[in-house]
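Have a look at the structure below before the remarks.
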There are 2 protein chains.
Amino acid sequence: MSNTNLKKLAEELGLSISSVSKALRDSYEISAETKKRVLAMAEKMNYQPNPFASSLRRKKSVTIAVVIPEIANNFFALALDGIQMVAQQKGYHLLTYLTHEDYKNEEATIRHLQGGRVDGVLISLCRDTESIHHLVSLHETGIPMVFFDRVPEQMDCPTVTTDDYESGFKATEHLINAGCKKIACLSLSNYLSITHKRMKGYEDALKKHDIKLDPKLVIQCNNDNENNLNLIKNMLSAKKDRPDGIFATVEKLAISTYYVCNDIKLKIPQQIKIISFSNLRTASLLSPSLSTITQPAFEIGKESASLLFRMIEKKTFGNRIDKIVLKSSLIERNSSK
Amino acid sequence: MSNTNLKKLAEELGLSISSVSKALRDSYEISAETKKRVLAMAEKMNYQPNPFASSLRRKKSVTIAVVIPEIANNFFALALDGIQMVAQQKGYHLLTYLTHEDYKNEEATIRHLQGGRVDGVLISLCRDTESIHHLVSLHETGIPMVFFDRVPEQMDCPTVTTDDYESGFKATEHLINAGCKKIACLSLSNYLSITHKRMKGYEDALKKHDIKLDPKLVIQCNNDNENNLNLIKNMLSAKKDRPDGIFATVEKLAISTYYVCNDIKLKIPQQIKIISFSNLRTASLLSPSLSTITQPAFEIGKESASLLFRMIEKKTFGNRIDKIVLKSSLIERNSSK
DNA sequence: CTCGTCTACGAAAACCTTTTCGTAGAATAA
DNA sequence: TTATTCTACGAAAAGGTTTTCGTAGACGAG
């Protein structure tokens with residue numbers, strides 16, 4: 001253990017604990033001379049302040065938490081990267097929690113966070129989060145919270161999202177313009193605002209082009225990959241009413257679709273065109289290259305963290321509730337040609 | 001703030017602080033009756049113990065740290081997933097630090113960790129970590145540490161790695177068997193043990209098959225993507241001595257190679273065959289599908305964390321230093337056919 | 001000389017929990 | 001009866017840092 005603490009330092013220096021503390025925090029109350037001595041001794045004895053004592057006294061943890069559904073996911077990995085960058089720059093520590101798309105985990109994590117372990121929380125909800133009582137409860141402790149991408153609809157809180165409705169609309173219209181008549185939509189969740197908005201864009205695009213929405217073509221997937229493969233396979237194997245276009249609201253469902261198409265020898269884009277939300281770096285290297293709606297995941301992370309720090313730093317300032325919306329970009333590739 | 005603390009709870013209950021504390025920790029000193037009352041009141045007042053006071057007193061943070069080069073990287077994302085799973089199961093919190101392959105960051109992070117913020121540390125070194133004084137210094141504090149994948153060579157410490165030498169050997173031999181005569185090797189670092197071992201495997205495989213190693217075909221890449229693209233492009237554009245096989249020691253270099261080949265219209269696998277270390281889920285969907293050495297990244301994370309917790313939990317037990325080695329698997333696909 | 005103002009530092013409280021030690025009363029044993 | 005052992009709880013210390021408040025001495029102004 002680095003067992004040097006203020007007391008030992010003080011003894012060694014012949015000063016009081018408080019003076020040493022002040023010297024280390026560069027207080028005006030301490031002479032330059034003394035500061036130098038203290039600093040030198042701290043260095044020599046390899047002094048490391050005890051973070052718990054400090055946090056306890058200052059009521060500040062210099063730590064934020066991020067709660068996300070999963071990390072083996074390009075979007076969240078990039079977002080976390082952005083978050084971490086800002087946190088590091090601010091000298092904050094980052095506590096990471098994964099819910100694995102399980103509401104129970106989310107609830108338990110949020111409850112833990114009420115103990116004051118962190119100064120702020122960044123959250124992206126899990127796919128089956130329906131009730132928000134745990135979020136309200138955390139909010140009531142007064143801790144700064146920012147939601148990103150998957151945000152709660154029934155709660156008035158700071159958020160960072162993308163233009164999901166427009167993206168859903170454009171993606172669908174893109175498929176229509178490419179000649180698709182029967183466009184399926186693969187959704188991950190009933191509850192998430194992002195799927196609601198993306199699907200509303202899908203519906204409105206169909207409406208605009210006088211295409212009747214076929215409920216059988218709207219597939220509710222879940223977190224079980226096998227199940228999703230089956231659902232997609234069933235739909236694509238149908239003799240009649242097989243879709244000629246697919247709009248995947250999340251990356252993993254597009255990948256599953258590729259696997260199914262390989263499996264049942266369905267040619268992309270000749271027989272079926274695909275576009276998907278995705279942050280896959282290899283989208284352009286796929287066979288065929290995948291048309292994507294790409295969210296600025298890294299920026300989302302950066303913006304979320306920055307917003308959170310604004311809230312942490314000047315609590316006085318804000319009754320305002322920021323809602324930041326960034327733009328995704330549609331990148332046409334061969335899967336929808 | 002959840003401003004209820006032991007003191008308020010005690011006042012409300014007409015008990016002493018210590019009794020309440022003991023009741024909450026289910027001490028035998030407190031009667032069942034009283035425990036029930038305390039629990040009920042704690043629930044009612046939404047009591048959340050202060051983690052800093054607790055950590056300060058118990059000298060235990062219930063937190064571990066993981067230090068990795070980057071997170072927007074399939075291998076590390078999967079490893080983190082495994083780590084997080086174990087940590088969550090143990091009721092531990094997980095502090096995440098990214099070095100972004102920058103030694104300065106690694107050094108600073110490790111130094112921070114000496115303050116006793118965490119009960120254990122998991123580390124995967126960054127590509128330009130040459131000196132290990134910071135690691136030694138952390139080690140000397142007595143804190144349990146486990147290295148995974150990218151481990152220090154000059155230090156005797158617990159590690160979790162894969163069979164890198166064998167994998168490098170097999171990958172190279174695989175290319176040779178596929179007909180390659182001039183095999184290039186793309187390396188990320190001069191310092192990392194994993195590249196040393198993978199390249200030793202590469203060299204020995206060449207030797208075994210009486211192929212002379214051409215130093216020009218061993219490319220030292222760095223963390224600058226542009227630079228790497230140029231290096232690869234230069235090599236692959238050469239009129240003479242152009243390699244007919246590429247062994248990429250890390251995924252991102254294989255992806256860069258794909259881009260270059262697309263760019264200069266080099267046909268994979270007809271003109272050049274490729275195999276790479278990779279955890280890309282879409283390896284089989286690439287054009288052409290990518291032959292990979294796939295490390296059990298999730299298991300590496302799980303094993304590392306499990307080992308770390310063994311060290312945290314029974315410090316008494318161990319002078320032994322575990323070196324766990326897991327097996328990677330070679331998956332042949334079309335890029336090396 | 002007195003008063004006020006700096007400067008540089010120290011004492012002690014505060015933060016909240018956990019743990020050690022002590023004790024009063026009750027029950028049991030001798 | 002007296003001595004011993006439980007039972008159930010409280011007082012207080014310990015953990016390390018930060019902050020508030022106080023103070024001793026130096027200095028200049030009046």
Side-chain angles (χ1 to χ4, degrees), chain A residues 1-39 41-42 45-63 91 93 112 114-119 141-142, chain B residues 1-39 41-42 45-63 93 112 114-119 141:
Chain A
M1 281 283 181
S2 170
N3 259 339
T4 42
N5 53 21
L6 284 184
K7 193 172 166 190
K8 288 191 189 165
L9 225 47
E11 275 168 12
E12 205 70 26
L13 286 158
L15 287 172
S16 75
I17 291 177
S18 46
S19 295
V20 177
S21 172
K22 287 173 192 167
L24 290 172
R25 323 199 90 244
D26 201 27
S27 159
Y28 68 95
E29 293 180 83
I30 304 297
S31 70
E33 205 66 19
T34 307
K35 277 181 193 167
K36 218 182 289 176
R37 277 183 59 222
V38 172
L39 251 9
M41 183 60 77
M45 298 181 67
N46 190 27
Y47 169 73
Q48 298 289 344
N50 182 307
F52 306 117
S54 173
S55 289
L56 178 59
R57 185 64 239 257
R58 297 174 53 198
K59 292 179 174 305
K60 200 144 191 314
S61 62
V62 207
T63 304
H93 301 261
H112 271 128
Q114 298 202 25
R117 187 175 293 272
V118 294
D119 298 339
T141 67
Chain B
M1 283 284 180
S2 168
N3 259 338
T4 42
N5 53 22
L6 285 183
K7 193 173 166 190
K8 288 189 190 165
L9 225 47
E11 276 169 11
E12 207 67 27
L13 285 158
L15 287 171
S16 76
I17 292 177
S18 47
S19 296
V20 177
S21 171
K22 287 173 192 167
L24 290 173
R25 322 202 89 244
D26 200 27
S27 159
Y28 68 96
E29 292 182 81
I30 305 297
S31 69
E33 206 66 20
T34 308
K35 277 180 192 167
K36 217 183 287 178
R37 279 182 57 221
V38 172
L39 251 10
M41 182 61 76
M45 296 180 70
N46 190 28
Y47 169 73
Q48 298 288 346
N50 181 308
F52 306 116
S54 175
S55 288
L56 178 58
R57 186 64 239 258
R58 298 175 52 199
K59 293 182 173 302
K60 199 143 192 315
S61 63
V62 207
T63 304
H93 301 262
H112 271 127
Q114 299 202 23
R117 187 176 292 274
V118 293
D119 299 338
T141 67

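Below, read A as the first sequence line, B as the second, and so on, with proteins coming before strands; counting in each chain starts at 1.
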(message) Measure NZ/Lys7(B) against P/dA12(D) and give the value in whole Å, please.
(response) 14 Å
(request) Determine: side-chain N/O of Tyr28(B) to OP1/OP2 of dC9(D), distance under 4.0 Å, yes or no. (result) no
(message) Can you see if the side chain of Lys8(B) gets near the phosphate of dC16(C) - specifically, an N or O under 4.0 Å from OP1 or OP2?
(response) no
(request) Please state whether the phosphate of dT17(D), meaning OP1 or OP2, lies under 4.0 angstrom from any side-chain nitrogen or oxygen of Ser54(A). (result) no
(request) Kindly say whether Pro51(A) contributes a backbone atom to a donor-acceptor pair with the side chain of Arg117(B) at under 3.5 angstrom? (result) no
(request) Measure the distance from CD on Gln48(A) to C1' on dT17(D) and round it to the nearest whole Å. (result) 15 Å
(message) Once you apply a heavy-atom cut-off of 4.0 Å, does Ile17(B) come out as touching a base, just sugar-phosphate, or nothing?
(response) base
(message) When you measure from the side-chain N and O atoms of Tyr47(A) to the phosphate of dT17(D), is any distance below 4.0 Å, counting only OP1 and OP2?
(response) yes
(message) What is the separation between atom CG on Leu6(B) and atom P on dC9(D), rounded to the nearest whole Å?
(response) 16 Å
(request) Could you tell me which non-hydrogen atom of Ala10(B) sits nearest to which non-hydrogen atom of Ile17(B), and how far apart they are? (result) CB-N, 3.7 Å
(message) Less than 4.0 angstrom between a side-chain N/O of Ser19(B) and OP1 or OP2 of dA8(D), yes or no?
(response) no
(message) What is the separation between atom NZ on Lys35(B) and atom P on dT7(D), rounded to the nearest whole Å?
(response) 12 Å
(request) Examine dA11(D): is either OP1 or OP2 under 4.0 Å from a nitrogen or oxygen in the side chain of Ser16(B)? Give yes or no. (result) no
(request) Taking Thr4(B) for its side chain and Met45(B) for its backbone only, find out whether a donor-acceptor pair lies under 3.5 Å. (result) yes
(message) Does dT19(D) have OP1 or OP2 under 4.0 Å away from a side-chain N or O of Arg25(A)?
(response) yes
(message) Need to verify one output field. Residue with the more 5' nearest nucleotide on DNA chain D, Ala32(B) or Ala53(B)?
(response) Ala32(B)
(request) Determine the contact category for Ser55(A): base if any of its heavy atoms lies under 4.0 Å from a base atom, sugar-phosphate if only primed atoms, P, OP1 or OP2 are that close, otherwise nothing. (result) nothing
(request) Check the distance between dC16(C)'s P and Met45(B)'s CE and give it to me in whole angstrom. (result) 13 Å
(request) For Asp26(B) and dA8(D), give me the distance from atom CG to atom C1', rounded to whole Å. (result) 15 Å
(message) Test your reading of the model: is there a side-chain donor-acceptor pair from Lys22(A) to the backbone of Tyr28(A), 3.5 Å cut-off?
(response) no
(request) Using atom types as modelled and distance alone, determine if a side-chain donor or acceptor of Lys8(B) lies under 3.5 Å from a backbone N or O of Asn3(B). (result) yes
(message) Pick the closest DNA chain D nucleotide for Pro49(A) and for Glu29(B) by heavy atoms, then say which residue is nearer the 5' end.
(response) Glu29(B)
(request) Return the set of residues passing side-chain contact (heavy atoms from CB on, under 4.5 Å) with Lys60(B) (not counting sequence neighbours), or none when no residue passes. (result) Arg58(B), Tyr92(B), Asp119(B)
(request) Using whole Å, report how far CZ of Arg58(B) lies from C1' of dT19(C). (result) 12 Å
(request) Starting from C1' on dG16(D), measure out to CG on Leu56(A) and report it in whole angstrom. (result) 9 Å
(message) Side-chain N or O of Lys60(A) versus OP1/OP2 of dC15(C): is the shortest distance under 4.0 Å?
(response) no
(message) Taking only side-chain N and O atoms of Ser31(B), does any of them lie within less than 4.0 angstrom of OP1 or OP2 on dC9(D)?
(response) yes
(request) By nearest nucleotide on DNA chain C, pick out whichever of Pro51(B) and Lys22(B) is the more 5' one. (result) Pro51(B)
(request) Give a yes/no answer on whether the side chain of Asn5(B) brings an N or O atom under 4.0 Å of OP1 or OP2 in dC16(C). (result) yes
